[in-house]
Amino acid sequence: MSDFPKAGLLRRLASLMYDGLVVIAFAMLTTIVYLVLIQSLISFGVLSLAGHEDVSALIQDSPMLYGLRAVLLVLVSVLFFSYFWTKSGQTIGMRAWRLKVQTPDGALLSWPKAMLRSLTALLGLGNLLVLVDFKQKRALQDLICGTEVVFLTKEENKKVYNSLD
């Protein structure tokens, strides 16, 4: 059982705002790479603009290309959160707000658990359940995955960061 207090909604949302900015940057980079890839396929004759004025219009009108882009963007987001949760229990935003996600016995998340937790967070809306679970302050993703988010002391936050070296 963790010796740290459970994280409340405001800290969780503040952390999510920080992480959201990073995820948006990764999403933009992913979109650029995807556009270059599609343009390359057009240049090599594998795909055709088929009357569309540009690559973006082609993607918008093609359910397959549009769906693939959506899957890539979700995958980037899931991998971002999962990587940090499995490595240290803290994303960039969680580090800034001294939060850590862990199992109730204090262990780091496995990749499958971290990926499931990311998907079940429902773009952060799962955190609203913290308002109802007064005692344990669990979000929807915590209930589904058997995790908790704790509020670390400054010293413990430094230890988590220094353990990454």
Side-chain angles (χ1 to χ4, degrees), residues 1-37 56 59-60 66-165:
M1 192 71 176
S2 175
D3 294 333
F4 300 105
K6 305 297 187 280
L9 180 64
L10 292 180
R11 279 193 176 271
R12 287 172 181 252
L13 293 180
S15 167
L16 188 58
M17 286 177 56
Y18 277 48
D19 290 330
L21 295 173
V22 178
V23 169
I24 287 170
F26 277 121
M28 291 169 65
L29 182 61
T30 301
T31 300
I32 290 168
V33 170
Y34 185 67
L35 288 172
V36 168
L37 176 66
S56 294
I59 292 169
Q60 284 296 115
Y66 188 81
L68 181 58
R69 184 187 66 183
V71 167
L72 284 172
L73 294 175
V74 169
L75 184 62
V76 164
S77 177
V78 168
L79 289 175
F80 168 81
F81 286 101
S82 298
Y83 171 79
F84 283 103
W85 290 339
T86 58
K87 185 171 174 77
S88 67
Q90 292 182 302
T91 59
I92 296 165
M94 293 175 85
R95 168 123 173 85
W97 287 93
R98 298 187 354 229
L99 302 178
K100 182 181 179 190
V101 64
Q102 60 187 20
T103 62
D105 63 357
L108 293 175
L109 278 58
S110 65
W111 269 95
K113 186 173 279 197
M115 292 177 81
L116 179 62
R117 187 176 193 280
S118 181
L119 288 169
T120 58
L122 306 175
L123 299 173
L125 292 176
N127 288 310
L128 294 176
L129 194 58
V130 171
L131 294 172
V132 178
D133 189 5
F134 301 113
K135 193 169 187 170
Q136 301 214 14
K137 296 183 181 176
R138 292 174 297 188
L140 177 64
Q141 59 270 25
D142 294 320
L143 286 170
I144 291 171
C145 298
T147 59
E148 63 183 12
V149 177
V150 294
F151 178 45
L152 302 174
T153 63
K154 287 181 182 180
E155 295 76 27
E156 191 62 31
N157 201 39
K158 286 179 186 175
K159 283 182 191 176
V160 171
Y161 182 72
N162 291 335
S163 72
L164 298 175
D165 294 335

Stepwise, does the side-chain contact (heavy atoms from CB on, under 4.5 Å) test hold for Leu116 with Gln141? CA-CA 8 Å; Leu116 179 62; Gln141 59 270 25; over 6 Å; no
- Query: Taking it one step at a time, do Val130 and Lys6 satisfy side-chain contact (heavy atoms from CB on, under 4.5 Å)?
  - Reply: CA-CA 10 Å; Val130 171; Lys6 305 297 187 280; over 6 Å; no
* Asked: For Arg95 and Phe84, what are the C-alpha separation, side-chain angles and deciding distance, and is it a side-chain contact (heavy atoms from CB on, under 4.5 Å)?
  -> CA-CA 10 Å; Arg95 168 123 173 85; Phe84 283 103; over 6 Å; no
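Listed for the Asp19 side chain is no donor-acceptor partner under 3.5 Å among the backbone atoms of Leu16. A donor-acceptor pair under 3.5 Å links the side-chain atoms of Thr30 to the main chain of Phe26, judged by distance alone. Proximity of a side-chain donor or acceptor of Asn157 to a complementary backbone N or O of Leu152 within less than 3.5 Å is not detected. A donor-acceptor distance shorter than 3.5 angstrom exists from the side chain of Thr31 to the backbone of Ala27, with no hydrogens or angles considered.
Counting all heavy atoms, side chain and backbone alike, Thr86 lies closest to Leu109 at CG2-O, 3.2 Å. When all heavy atoms of Leu122 and Gly126 are compared, the closest pair comes out as CB-N, 4.3 Å. Here the shortest heavy-atom pairing between Ser15 and Gly93 reads OG-C, 3.2 Å. Considering every non-hydrogen atom in both Ser88 and Leu108, the closest pair reads C-CD2, 3.4 Å.
Put simply, OG1 on Thr120 and CG on Leu143 are 9.5 Å apart, with the number rounded to the nearest 0.5 Å. Taken from CZ in Arg12 to CG in Leu128, the straight-line distance is 10.5 Å, to the nearest 0.5 Å. A distance of 8.0 Å separates OG1 of Thr91 from CG of Leu99, quoted to the nearest 0.5 Å. Note: Lys158 NZ to Arg98 CZ = 10.0 Å, rounded to the nearest 0.5 Å.
When Lys113, Met115, Arg117 are each tested for a side-chain contact (heavy atoms from CB on, under 4.5 Å) with Ser82, only one passes: Met115. Of the listed residues (Glu148, Gln90, Glu156), just one forms a side-chain contact (heavy atoms from CB on, under 4.5 Å) with Lys100, and that residue is Gln90.
Residues forming a salt bridge (Lys or Arg N to Asp or Glu O under 4.0 Å) with Lys87 (at least two apart in sequence, or on another chain): none. Among residues two or more places apart in sequence or in another chain, the salt bridge (Lys or Arg N to Asp or Glu O under 4.0 Å) test is passed with Arg138 by Asp133.
With a 4.5 Å cut-off on side-chain heavy atoms, Tyr18 and Ile92 do not count as touching. Between Leu125 and Leu140 the shortest side-chain heavy-atom distance does not fall below 4.5 Å.
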I'd like a table of donor-acceptor pairs (distance under 3.5 Å, sequence neighbours excluded) in which one partner is a side-chain atom from residues 70-80, with atom names and distances.
none

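The number of heavy atoms from other shown groups lying within 6.0 Å of CG (Leu10) does not exceed 12. Few gaps surround CG on Leu21; more than 12 heavy atoms of other groups in view lie less than 6.0 Å from it. Surrounding OH of Tyr34 are more than 12 heavy atoms belonging to other residues, nucleotides or ligands, all under 6.0 Å away.
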